[in-house]
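A short write-up of the structure that comes next.
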Amino acid sequence: MASKDSYRSELRAAVRHLGDRCLHTASKWAAELLVGIEPDPSAAIPAPSVSSSRATPSSSASSSSAPHHHSAYLSSLRRRLRPAVDHTPLAGVSYVGTPVLDEDVGDGDSDRYLLAKSLFDCREFRRAAHALRGQTGKKSVFLRCYALYLAGEKRKEEEMIELEKPLGKSDAVNAELASLERELSTLHRTGSLDPFGLYLYGIVLKEKGCENLAITVLVESVNSYPWNWSAWSELQSLCTTTDVLSNLNLKNHWMKDFFLASAYQELKMHEEALKRYEYLLGIFRFSDYIQAQIAAALYNLRDFDEAEVVFEELLRTDPYRVDSMDIYSNLLYAKECFSALSFLAHRVLKGQHEKSVLYFRRALKLNRKYLSAWTLMGHEYVEMKNTPAAIDAYRRAVDINPRIIVAWYGLGQTYEMMGMPFYALYYFRKSSYLQPNDARLWIAMAQCYESVPLQMLEEAITCYMRAANCNDREGIALHQLAKLHSVLGHSEQAAFYYKKDLEKLEADERQGPNMIEALLFLAKHCKAEKRFEEAEMYCTRLLDYTGPEKETAKNLLRGLKIAQSGFPAMDIDHFAP
């Protein structure tokens, strides 16, 4: 079993190795995990509290002097996971020994490597590759090939802009792939690739469409050097089904747990992902990354309240955080927390749509596959009423990752705004297929079927029923089911759903036109069915309102008096407040 000190030493070495090889994203990921390990209480130094001006609007408690303010959810979770000894939390799990990286540079090329790395960091990729010509050390070979790959990617992106076809399509390819594949395959056959060379070879194979071989090579890379999160991420992108995931021959290193949790999240296995992340929180007790993934899993499981608490803590401890804030904004929108959503938008995007688009474009110049940038830029274009640009941004996102629900849903919403319900339905179906338990997606489809061009009410009813069975928090589905059955003359079904809607409104302590509509329909329906006492009860409730429904209720009560032959006359004014 590994102790916290061994985790720290492994991660410190990983940060150094990954940074030295210009894998800065993976280096940052390892560094964030490093500081997420619970500090030694005897050596802990209280961190300054976060200024109240940076707190989220719903946070009322002041920041404590401890390194992190614990939410109720995370505090109870950490107490539950606290191990009896300073070891990995799950008993019975045996991890493989940690491989030692061979620091191979090659005779006499360390100075050239430093020059090439400096050029690489300045994004002068071809100069960096040229500086390492003739160098045979594994480290130098990797950096030279990686620089060539990125030079090819940079040129491909330029050609995509120059040669772009309608709908954002382009035939541009990375011209370096063929030569890189030849060189790396030769080195692989002779066993001359280190784990980083294997990682790059896996990327090249993936780009060339050789997915099975790419999986094999990437597995070899992560088994040889498990701390390169970029390699795990590339491997995850190839695990499009649970069968592919379960057939991977991975060593039982603790980084495998991070990989499986992330893969489960991507494959919509949110319960399994949450269990993995909760387990990992047992050792990385203050990891913002793990907390963000737990919040995302809770959001996907529709546990909005717990997810909101975790996101609030993230913003208290990391007030300048941008990662995962797109999920938080979706959560606040779903909960109708508009003041908090406005605050978040102002803090992250400052409410300046044109400037936001400009910065998203700059981010995409650095990484054309940055999914959040494409989807958020699509949202900004929708706000700007630039629907063609929004469609292009969302389509770029689904081209990169066909499993990203937000982009499919965004496409549906955009076409719905344009009055094109058939197109909108296609994209809403895509999103509901990926997340069939999300009530909002079924409601969106139902509203398309209800629209004037379609008027496919039976299909709308089917979708609203699916939404009602998927924990429709807002109660939209029940109300619409009642209305549609009423329109179609299905009075018994309409009464059933109006009663259900009324019960939900009462449980949520909500008033408004939906309650009035339900009371009116039920009063009339019960009168027609000669259930006079029930009709009288609904009418009496309507007398508490001050609008035209009050007069309608009085007229209904007069009608009830006439209909109830043999009953004593009722004093209608007695019911008025």
Side-chain angles (χ1 to χ4, degrees), residues 2-15 18 24-41 43-47 50 63-64 66-83 86-90 93 95 226-230 232-233 236 253-266 270 272-300 306-325 327-328:
S3 69
K4 289 175 188 171
D5 286 341
S6 69
Y7 281 95
R8 287 193 187 95
S9 61
E10 288 179 27
L11 286 167
R12 284 182 185 128
V15 172
L18 293 163
H24 302 303
T25 300
S27 179
K28 183 189 82 168
W29 191 88
E32 288 181 345
L33 276 191
L34 175 62
V35 300
I37 299 175
E38 186 175 20
D40 182 354
I45 300 174
V50 179
S63 301
S64 70
H68 285 252
H69 174 80
H70 295 184
S71 70
Y73 172 82
L74 288 169
S75 295
S76 63
L77 180 59
R78 287 173 181 141
R79 284 195 299 272
R80 191 167 74 246
L81 294 175
R82 182 174 294 280
D86 188 18
H87 291 151
T88 48
L90 279 188
V93 176
Y95 290 128
W227 303 283
N228 182 5
W229 184 245
S230 294
W232 289 106
S233 298
Q236 179 186 306
H253 190 272
W254 54 266
M255 281 290 291
K256 177 183 173 183
D257 294 314
F258 280 98
F259 167 72
L260 289 175
S262 181
Y264 288 150
Q265 193 94 295
E266 188 69 18
H270 303 301
E272 292 84 350
L274 184 59
K275 288 175 185 176
R276 287 274 173 176
Y277 283 123
E278 287 179 344
Y279 155 61
L280 287 165
L281 198 65
I283 188 68
F284 300 96
R285 306 179 77 81
F286 299 103
S287 167
D288 288 347
Y289 169 79
I290 295 176
Q291 290 181 38
Q293 300 311 307
I294 286 174
L298 290 168
Y299 167 77
N300 287 317
E306 293 287 14
E308 184 180 13
V309 167
V310 182
F311 275 124
E312 285 178 0
E313 179 175 355
L314 275 174
L315 284 179
R316 279 192 293 269
T317 58
D318 189 359
Y320 302 106
R321 184 182 187 86
V322 176
D323 292 345
S324 306
M325 289 301 104
I327 300 174
Y328 186 32

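These values consider heavy atoms only, across backbone and side chains, with no hydrogens, waters or symmetry-generated copies.
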Please give me the minimum heavy-atom distance between [X] and [Y], naming the atom from each residue.
| X | Y | value |
| --- | --- | --- |
| S262 | Q236 | OG-OE1, 2.5 Å |
| Y277 | I290 | O-CG2, 3.5 Å |
| A292 | S324 | CB-OG, 3.6 Å |
| Q291 | V310 | O-CG1, 3.3 Å |
| R321 | D288 | NH1-CB, 3.8 Å |
| A261 | A273 | O-CB, 3.5 Å |

Does any N or O in the side chain of [X] come within less than 3.5 Å of the main-chain N or O of [Y], such that one atom is a donor and the other an acceptor?
| X | Y | answer |
| --- | --- | --- |
| Q265 | Q293 | yes |
| D318 | L314 | no |
| S9 | S6 | yes |

Side-chain heavy atoms of [X] within contact of [Y], under 4.5 Å:
| X | Y | answer |
| --- | --- | --- |
| F258 | R276 | no |
| H253 | E10 | yes |
| F311 | I327 | yes |
| E308 | Y328 | yes |

I'd like to check the salt bridge (charged side-chain N to carboxylate O under 4.0 Å, His left out) partners of E32; sequence neighbours left out, ordered by chain and number.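 E32 satisfies salt bridge (charged side-chain N to carboxylate O under 4.0 Å, His left out) with no residue once adjacent residues are dropped.
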Nearest 0.5 angstrom please: [X] [atom1] to [Y] [atom2], how far?
| X | Y | atom1 | atom2 | answer |
| --- | --- | --- | --- | --- |
| L281 | L274 | CG | CG | 10.5 Å |
| F286 | L33 | CZ | CG | 14.5 Å |
| L315 | Y320 | CG | OH | 12.0 Å |

Residues two or more places apart in sequence or in another chain: which of them pass side chain to side chain donor-acceptor pair (under 3.5 Å) with [X]?
| X | answer |
| --- | --- |
| Y289 | none |
| E272 | none |
| W229 | S233 |

Just to verify, which of W29, W227, W232 counts as forming a ring pair (Phe, Tyr, Trp, His ring centres under 6.0 Å) with F259?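 The residue from W29, W227, W232 that satisfies ring pair (Phe, Tyr, Trp, His ring centres under 6.0 Å) with F259 turns out to be W232.
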Residues in ring pair (Phe, Tyr, Trp, His ring centres under 6.0 Å) with Y264, at least two apart?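 Counting only residues at least two positions away or on another chain, Y264 forms no ring pair (Phe, Tyr, Trp, His ring centres under 6.0 Å).
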Give the C-alpha distance, both sets of side-chain angles, the deciding distance and a yes or no for side chain to side chain contact (heavy atoms under 4.5 Å, CB included) between I294 and L298. CA-CA 6 Å; I294 286 174; L298 290 168; 3.9 Å; yes
Applying side chain to side chain contact (heavy atoms under 4.5 Å, CB included), name anything that partners A30, two or more places apart in sequence or on another chain.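 Counting only residues at least two positions away or on another chain, A30 forms a side chain to side chain contact (heavy atoms under 4.5 Å, CB included) with L11, A14, V15, L18.
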